[in-house]
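Below: one structure, written as structure tokens.
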Amino acid sequence: MHFIDGNWRDEGSSEFVSLNPATGKPIWRGKAAGEAEVTAAVAAARAAFPGWAALAYERRHEIAKKFKELVEARKEELALAIAEETGKALWDARSEASAVIAKLGFAHAAYAERTGTRSQPSAGGTAVVRHRPHGVMAVYGPYNFPAHLPNGHIMPALLAGNTVVFKPSEQTPMVGEWMVRLWQQAGIPTGVINLLQGERHTGMALTKQAIDGVLFTGSSATGKAIHAQFAGRPEVILALEMGGNNPMVVSRVNDLAAAVHETLLSAFTGTGQRCTCARRLIVIDWEQSDQFIDRLVKSAEQLKTGAYNESPEPFMGPLISLHEANRLVAAEERLKALGGRILLPLRRPHPDLPFLTPGLIDMTGVEGVPDEEFFGPLLQIYRVKSAEEAIALANRSQYGLSAAILCDDADTCRHLAERIHCGILNVNRQTTGASGSAPFGGIGLSGNHRPAGYYAADYCAYPVASVENPALALPASLPPGMVIA
């Protein structure tokens with residue numbers, strides 16, 4: 001259902017369903033919003049904006065705090081909804097639910113630190129900087145984090161005084177509806193948050209409206225299409241957080257088990273469906289390189305894949321859909337055809353469902369490897385002789401989201417860290433799992449230099465710079481050639 005101007009509406013242009021990827025069975029049915037519903041949602045958000053923006057920040061924060069408390073009280077319910085609709089392992093879904101709860105604390109601190117009011121003495125008066133909300137913000141949510149990532153836009157946008165039109169991924173509408181129902185229960189005023197369910201045409205219809213900003217998390221292809229659609233509309237703020245062809249560099253680690261552990265987490269957490277997942281493992285040859293790769297292959301082969309409610313609990317669930325599973329298998333075939341050597345093949349335990357086991361393919365020395373984000377549990381391995389080769393290979397990408405370095409030598413770590421191009425760089429830690437107290441985003445095809453996370457406050461408000469005096473007074477001396485009659 002859609003939530004427009006404080007009312008739940010079951011109207012639209014066509015019906016679509018959300019499937020549980022672990023079973024292939026429908027778990028949600030609804031209608032895709034058409035032009036009429038999209039226009040009504042934006043109009044409701046526009047009408048609600050003046051009152052919401054004028055409301056004291058403390059009151060907006062109070063409503064957000066109530067939302068947080070409601071999520072906290074129903075945390076397991078949210079985790080189960082995420083697991084059922086995305087296929088995530090339950091431990092992973094619970095982690096996402098916790099991130100939703102934690103977001104308010106970070107967003108509140110960021111609002112005060114990055115967009116608060118500041119003043120200082122200045123020539124001619126007092127220099128004051130204040131921040132104001134943009135207006136109506138369209139938030140597009142991805143399927144891989146259907147609660148946490150849209151909440152990462154919605155929470156700071158609302159705190160800043162913007163109103164929101166939220167379009168979840170068409171593959172996770174159930175979680176999107178669940179979230180908005182809790183905002184309604186938290187007492188959000190009519191029209192401040194609106195929900196539009198739908199597929200591609202709904203999202204395109206929303207971008208054609210008179211909105212003030214687009215806050216997007218998703219694929220680079222979709223992000224580029226949005227960017228192109230807003231050419232010539234500089235008045236619309238675009239915050240685009242997109243994917244990555246992320247490198248992980250490993251060299252001279254003593255604890256091979258720890259290195260294997262961090263690599264498995266980097267490549268296969270969330271079934272490889274995180275934008276920060278490692279896609280390319282770059283191994284700088286050292287005495288234990290072969291042993292490290294052998295242990296990685298054996299450990300990856302033993303990762304348990306299954307439905308979230310299986311016992312014992314799996315590490316990985318299915319991909320979001322058969323379409324995505326088929327695309328990844330086709331990608332493995334393309335890499336193999338180019339000359340890649342399969343160390344661990346992707347396997348399909350259930351041919352009619354989107355389960356895949358982890359895949360590892362050695363692409364060392366292969367020419368013409370496409371610079372693509374293969375969104376799933378497929379890790380490419382490259383062996384190089386030196387740190388310089390590793391840096392060149394890591395940077396051989398149009399993307400620049402995340403990277404990681406596993407190495408016990410401090411000088412090597414520093415050398416690599418200073419030269420790898422990315423927005424998120426971890427040392428002796430996996431590529432995934434960013435801190436909520438830090439910015440989140442990348443460069444190149446990974447984003448448009450408006451990082452989310454702690455810096456979301458920056459794109460949810462604009463600064464107003466003033467020079468102010470308590471009263472008007474004539475200066476002691478006038479400019480040459482001026483006479484006041």
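Keep in mind it's a predicted model, so treat the numbers as computed, not measured.
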Show the numbers, then the answer: is there a side-chain hydrogen bond (donor to acceptor under 3.5 Å, both in side chains) between K167 and T202? CA-CA 8 Å; K167 186 211 165 293; T202 301; over 6 Å; no

Please collect all ring pair (Phe, Tyr, Trp, His ring centres under 6.0 Å) contacts where either partner lies in [range], sequence neighbours excluded, each pair once.
range	answer
residues 254-278	none
residues 335-359	H350-F355
residues 218-249	none

Heavy-atom count check: over 12 atoms from other residues, nucleotides or ligands less than 6.0 Å from [X] [atom1]?
X	atom1	value
K304	NZ	yes
R132	CZ	no
R341	CZ	no

Name each donor-acceptor pair under 3.5 Å that joins a side chain in residues 90-97 to protein atoms two or more places apart or in another chain, with its distance.
unit_1	atom_1	unit_2	atom_2	d
W91	NE1	F315	O	3.3
D92	OD1	R274	NH2	2.8
R94	NE	E76	OE1	3.0
R94	NE	E76	OE2	3.3
R94	NH2	E76	OE2	2.7
E96	OE1	K88	NZ	2.6
E96	OE2	A147	N	2.8
E96	OE2	H148	N	3.0

Can you check side-chain hydrogen bond (donor to acceptor under 3.5 Å, both in side chains) on S266 and T263, steps first, answer last? CA-CA 5 Å; S266 296; T263 305; over 6 Å; no

Sequence neighbours left out, what passes salt bridge (charged side-chain N to carboxylate O under 4.0 Å, His left out) with R74? Give chain and number order.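 Here the qualifying residues are E77.
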
Using modelled atom types and a 3.5 Å cut-off, is there a donor and acceptor pairing between side-chain atoms of [X] and backbone atoms of [Y]?
X	Y	answer
T207	M204	yes
S446	G243	yes
N448	L238	yes
T357	R347	yes

Going by side-chain hydrogen bond (donor to acceptor under 3.5 Å, both in side chains), S18 matches just one of E85, Q171, E170, E177. Which one?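 Single side-chain hydrogen bond (donor to acceptor under 3.5 Å, both in side chains) partner of S18 among E85, Q171, E170, E177: E85.
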
Would you check if there is a donor-acceptor pair between the side chains of E241 and H153 at a distance under 3.5 Å?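 Their side chains do not contain a donor-acceptor pair, so the 3.5 Å distance test is not met.
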
Residue pair [X] / [Y], side-chain heavy-atom distance below 4.5 Å:
X	Y	result
I361	L344	no
L425	S402	no
V165	M137	no

Which heavy-atom pair separates [X] from [Y] by the least distance, and what is that distance?
X	Y	answer
A456	G152	CB-O, 4.0 Å
L196	A33	CD2-CB, 3.9 Å
L319	P21	O-CB, 3.4 Å
P377	T271	CD-O, 3.1 Å
L338	V369	CD1-CA, 4.1 Å
R295	A257	NH2-CB, 3.6 Å

So, taking the atom named [atom1] in [X] and the one named [atom2] in [Y], what distance separates them when rounded to the nearest 0.5 Å?
X	Y	atom1	atom2	result
S299	D294	OG	CG	10.5 Å
H134	I237	NE2	CD1	5.0 Å
E333	L346	CD	CG	9.0 Å
S251	D409	OG	CG	8.0 Å
H108	K103	NE2	NZ	13.5 Å
T412	R252	OG1	CZ	8.0 Å

What residue pairs, at least two apart or across chains, pass side-chain hydrogen bond (donor to acceptor under 3.5 Å, both in side chains) with a residue in [range]?
range	value
residues 370-383	N245-D371, D285-R383, D290-R383, R334-E372, D371-S397, Q380-Y382
residues 312-324	E324-R327
residues 421-430	Q430-T432

Is the NZ or CZ atom of R279 positioned over F374's six-membered ring, under 6.0 angstrom from the centre and within 45° of the axis?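 R279 over F374 ring: no.
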
When you check the gap from the basic side-chain N to the acidic O, do R114 and D458 get nearer than 4.0 Å? yes

Under the criterion side chain to side chain contact (heavy atoms under 4.5 Å, CB included), I'd like the reasoning laid out for T86 against N144: C-alpha separation, chi angles, the key distance, then a yes or no. CA-CA 7 Å; T86 66; N144 61 333; over 6 Å; no

With [X] via ring-ring contact (aromatic ring centres under 6.0 Å, His included) - residues at least two apart:
X	answer
H131	none
F16	W28
W178	none

Please identify each residue that fulfils side-chain contact (heavy atoms from CB on, under 4.5 Å) with V17, with sequence neighbours left out.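 Result, side-chain contact (heavy atoms from CB on, under 4.5 Å) vs V17: L19, R29.
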
